[in-house]
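What you see is a predicted model, and the numbers here were worked out from it, not measured in a lab.
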Amino acid sequence: MQTNNITDYKKELRYKILHMAMSMFKKKGIKSVKMDDIANAMQISKRTLYEIYDNKEALLLECVRDDYSRAKEHMREYADRADNEMDIVIEFFNMKMKALGEINPSYFSDLHKYKKVIDFLHSSREEEAKNSMAFIDRGVEHGYFVSGLNYEIVIKLGEASMNYIMENKLYMRHSIQEIFRNFWIVLIRGFCTPKGIERVNEIFHEP
């Protein structure tokens, strides 16, 4: 019984560290947050922290994986009850805008220094691209997305645009929310039918 209690305690502590660390990384930037800072914020010893996470990159990688997993689960649950594909697109936009509003721009520039994290993000985007084709097909069938487009190319163009934004650190000159909003609305309008654009205009209150 005691062993189970220790295991449960470590699981709970691991979870709390994960969320404390990610909150600090997003607020201050990854470089500015030391393992000592996380241990102090958690009121645990640095030794205890290193018993759970071997190093900062291991902790960051799990933070990013958890963040991605929770966002993916939120969208899956929302999609199950959404009325149509446009509602899902708009929910994704709103979720991202809220999340980006809480992130220090230096978080993104610091992120590129961690190869394992970047590799995970790249593989996740590739998986998303594959899974998105069925969603796009439904949107075309329901009259929201333009038929006849090669959506593999559309997705690649979107990925290339985001890579350009990150590699050239445009988020240091404009807010990441402003960049995402402009990029996303232009992209949506590009592949939406008049029926889809009408729904976009309703949400963004545009004439």
Side-chain angles (χ1 to χ4, degrees), residues 18 21-35 37-38 55-72 74-75 88-133 135-136 139 145-146 149-192 196-197 200-201 203-204 206:
L18 202 62
M22 193 52 153
S23 175
M24 295 173 73
F25 288 148
K26 287 181 176 180
K27 183 177 181 181
K28 300 178 180 180
I30 300 164
K31 183 179 179 181
S32 298
V33 178
K34 312 299 182 188
M35 293 293 271
D37 299 328
I38 297 168
N55 52 59
K56 186 174 176 180
E57 183 171 22
L59 173 54
L60 176 63
L61 178 58
E62 190 157 345
C63 283
V64 172
R65 281 176 171 164
D66 178 70
D67 212 42
Y68 174 80
S69 178
R70 286 187 293 111
K72 185 177 178 180
H74 169 79
M75 289 307 306
I88 297 170
V89 167
I90 291 162
E91 175 62 19
F92 175 79
F93 172 86
N94 290 334
M95 180 188 72
K96 291 293 289 185
M97 285 292 286
K98 183 178 184 298
L100 291 172
E102 300 168 354
I103 300 179
N104 187 316
S106 62
Y107 169 85
F108 295 104
S109 55
D110 293 344
L111 205 60
H112 286 271
K113 299 170 186 175
Y114 297 89
K115 184 179 183 302
K116 290 181 180 178
V117 178
I118 294 301
D119 287 346
F120 167 75
L121 292 173
H122 283 163
S123 65
S124 298
R125 290 193 194 105
E126 289 176 0
E127 180 187 352
E128 285 177 2
K130 291 177 183 176
N131 294 336
S132 65
M133 294 309 298
F135 171 77
I136 290 169
F145 304 153
V146 175
L149 289 180
N150 186 327
Y151 281 96
E152 289 185 9
I153 294 176
V154 173
I155 290 169
K156 289 295 182 184
L157 289 173
E159 289 176 357
S161 297
M162 290 308 297
N163 287 338
Y164 176 87
I165 289 167
M166 302 309 291
E167 289 171 4
N168 290 275
K169 299 183 179 180
L170 295 188
Y171 48 81
M172 302 304 288
R173 284 181 275 163
H174 309 280
S175 77
I176 194 69
Q177 280 183 311
E178 181 185 4
I179 292 170
F180 180 76
R181 185 179 190 277
N182 282 273
F183 164 77
W184 193 242
I185 293 177
V186 169
L187 181 65
I188 291 172
R189 286 180 177 276
F191 65 74
C192 277
I197 291 174
V200 172
N201 290 343
I203 295 300
F204 295 114
E206 297 180 8

Exercise. Hey, mind stepping through R189 and N201 against side chain to side chain donor-acceptor pair (under 3.5 Å) and telling me if it holds?
Worked result: CA-CA 10 Å; R189 286 180 177 276; N201 290 343; 2.7 Å; yes

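Minimum heavy-atom separation, D110 to I30: OD2-N, 3.0 Å. Of all the heavy atoms in C63 and F25, the pair that sits closest is SG-CE1, 4.2 Å. When all heavy atoms of M133 and I155 are compared, the pair lying nearest together is SD-CD1, 3.8 Å. Closest of all the heavy-atom pairs between V154 and F191 is CG1-CD2, 4.4 Å. The heavy-atom pair separating E57 from K115 by the smallest distance is OE2-N, 3.6 Å.
K26 places a side-chain heavy atom less than 4.5 Å from the side chain of D67. Side-chain atoms of F145 and V89, non-hydrogen and from C-beta on, do get closer than 4.5 Å to each other.
Relative orientation of the Y171 and F108 rings is tilted, given thresholds of 30° and 60° on the angle between their planes. Taking the six-membered ring where tryptophan is involved, the planes of F183 and F180 are tilted, since the angle between them lies from 30° to 60°.
Within a 6.0 Å sphere centred on CD of E178, other residues, nucleotides and ligands contribute more than 12 heavy atoms. For K56, the NZ atom is densely surrounded, since the number of other residues' heavy atoms within 6.0 Å is greater than 12.
A donor-acceptor pair under 3.5 Å is formed between the side chain of S123 and the backbone N or O of D119.
Ion pairing of K156 with E152 is absent here, as no side-chain N (NZ or NE/NH1/NH2) approaches a carboxylate O to less than 4.0 Å.
Not counting sequence neighbours, the partners of E91 by the side-chain contact (heavy atoms from CB on, under 4.5 Å) test are H74, M75, Y78.
With no hydrogens or angles considered, no side-chain donor-acceptor pair links E102 and Y107 at under 3.5 Å.
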